Amino acid sequence: MPELPEVEVVRAGLTPAVTGATVQAVTIADARALTRHVAGAADFERALTGRVLEQPARRGKFLWIPLGVEAAESRPRALIGHLGMSGQLLLRQSGAPEVRHERVRLDIHHSVHGELAVVFVDQRTFGSLAVDTLVPTPDGAAAGWGTSRAELPSQVAHIARDPLDAAFPDAAFRAAVARKDSAIKRVLLDQTVISGVGNIYADEALWAARVHPETPARALSTRTVNRLLAKIRAVMARALAEGGTSFDAQYVNVNGQSGYFSRSLNVYGRGGAPCPRCGTPLVRVAFTNRSSHFCRRCQRRLTVR
DNA sequence: ACGGCTACCTGTCAGC
DNA sequence: TGCTGACAGGTAGCCG
């Protein structure tokens, strides 16, 4: 469940169940789910077993759960997760049967909720978990949603703040856009410029802001960039309120339930259908091994002045 | 710096 | 029915 709203649904769902819980056991069904943990599966299991989990945090599409401090460790650590294209984190009762594509399971004990299982499921195995050290945020502000601490996993250090983050630097984003010759859609998908935006929300926000996805970023006026940023926030906030986007059982919350935002999509996946604003048939064009959906009439391509 | 391509995987669907 | 190719929400890296 890739993009920011879907990941946030997971973070929020995990929070009450894992905050303050202790990891009782780690079961690795498929070590490919640990590619981000360079020290290997056995080390991953050792690093987590017996540890206390703190409140889950998120920046963009990355999730992390800080581990309670242990005296012997010089640096605080966290369990980090990225869901890739098809990852799910499910909360189950302890002892729940193994599910299809289950990769990793954490059996946890929570003082209020008792014995639970956090199950990482991932069909395509592009997602992964790891234990990583926390490093200070360069700007000194809280690292993301769900945390007041100004530290984030080292593997997330290169990821920009996301547009729902209170500390997202609007001015720096405008400046970065003004510097780039790349197509604006490519810039929106660049997680080092703005994080959390993926193919769906990029297409939706560009349509809402009436910006052609192939417009060179620096051709956009400041006013247009501001409008685009506002639309990104609006579309993500609405998706979040509807529990995220899902087209099938693949993209679900921690209870395995799907969100409803796919019913609200204006352009994504709707090539050939009429533009909801002007009725012109929407187009779908190939773009970096994926697709862009937009309206040729409402979204005019600009050139650099 | 940029665009294009590849790799990493499994599954579904349309067309023949 | 079975094969083939296109396509799917992500990230990272290489090359020209």
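Everything numeric here is computed off the predicted structure, so don't read it as measured data. Note that these values count all heavy atoms, side chains included, but never hydrogens, waters or copies made by symmetry.
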inquiry  = Could you check whether A:S195 and A:K61, counting side-chain N and O atoms only, form a donor-acceptor pair closer than 3.5 Å?
reply    = no
ask   = How would you label the contact of A:S291 with the nucleic acid (heavy atoms, under 4.0 Å): base, sugar-phosphate, or nothing?
value = sugar-phosphate
ask   = Does A:R100 have a side-chain nitrogen or oxygen under 4.0 Å from the phosphate oxygens OP1 or OP2 of B:dG11?
value = yes
query = Taking NZ, NE, NH1 and NH2 as the nitrogens, is one of them in A:R92 or A:E98 under 4.0 Å from a carboxylate oxygen of the other?
reply = no
query = In whole angstroms, how far is the C1' atom of B:dG11 from the NE2 atom of A:H101?
reply = 7 Å
query = Going by an N to O cut-off under 4.0 Å, is there a salt bridge joining A:R32 and A:D122?
reply = no
request  = Using atom CZ of A:F62 as one end and atom P of C:dG10 as the other, report the distance to the nearest whole Å.
outcome  = 12 Å
C:dT11 OP1/OP2 closer than 4.0 Å to side-chain N/O of A:H82 = yes
task = Whole angstrom is fine here: how far is it from CZ in A:R59 over to P in C:dG10?
result = 19 Å
Touch class at under 4.0 angstrom, heavy-atom based, for A:Y201 against every strand present = nothing
key: Side-chain donor-acceptor pair present, A:R124, A:S86, cut-off under 3.5 Å   = no
ask   = Do you see a donor-acceptor pair shorter than 3.5 Å between the side chains of A:T245 and A:Y201?
value = yes
message = So, does A:R284 get its side chain near the phosphate of C:dC7, meaning an N or O under 4.0 Å from OP1 or OP2?
response = yes
message = Can you measure A:D203 atom CG to C:dG9 atom P for me and round it to whole angstrom units?
response = 9 Å
query = Reckon A:H158 has a side-chain N or O less than 4.0 Å from the OP1 or OP2 of C:dT11?
reply = no
Base-pairing mate for C:dA12 - Watson-Crick or G-U, with both contacts under 3.5 Å = B:dT6
request  = Answer yes or no for this row: A:F126 ring on B:dC9 base, centroids under 5.5 Å, planes under 30°.
outcome  = no
message = Under 4.0 Å from OP1 or OP2 of B:dC9: is there any side-chain N or O of A:Q123 that close?
response = no
message = Is the phosphate of B:dT10 approached by A:S86 (side-chain N or O, under 4.0 Å from OP1 or OP2)?
response = no
message = Quick one: does any side-chain atom of A:E204 pair with a main-chain N or O of A:V267 as donor and acceptor, under 3.5 Å?
response = yes
key: A:R124 side-chain N/O to C:dA8 phosphate OP1/OP2 under 4.0 Å   = no
task = Considering only atom P, compute the distance from B:dC5 to C:dA6 and round it to an integer number of Å.
result = 14 Å
message = Which nucleotide wins on minimum distance to the side chain of A:D181, given the candidates B:dC2, C:dG10, C:dA8?
response = B:dC2
ask   = Expressed as a whole number of Å, how far does the C1' atom of B:dG3 sit from that of C:dG9?
value = 22 Å
ask   = Just how far, in rounded Å, is C1' of C:dG10 from CG of A:L188?
value = 16 Å
key: Distance, rounded to the nearest Å, where A:D122 contributes CG and C:dG10 contributes P   = 13 Å
task = May I ask you to say what A:R32 touches in the nucleic acid, namely base, sugar-phosphate or nothing, with a heavy-atom cut-off under 4.0 Å?
result = sugar-phosphate
task = Give a yes/no on whether any side-chain N or O of A:K180 is located under 4.0 angstrom from OP1 or OP2 of B:dA1.
result = no
Interatomic distance where CZ belongs to A:F287 and P belongs to B:dC5 [whole Å] = 12 Å
request  = Quickly work out the A:Q191 CD to C:dA12 P distance and round it to whole Å.
outcome  = 8 Å
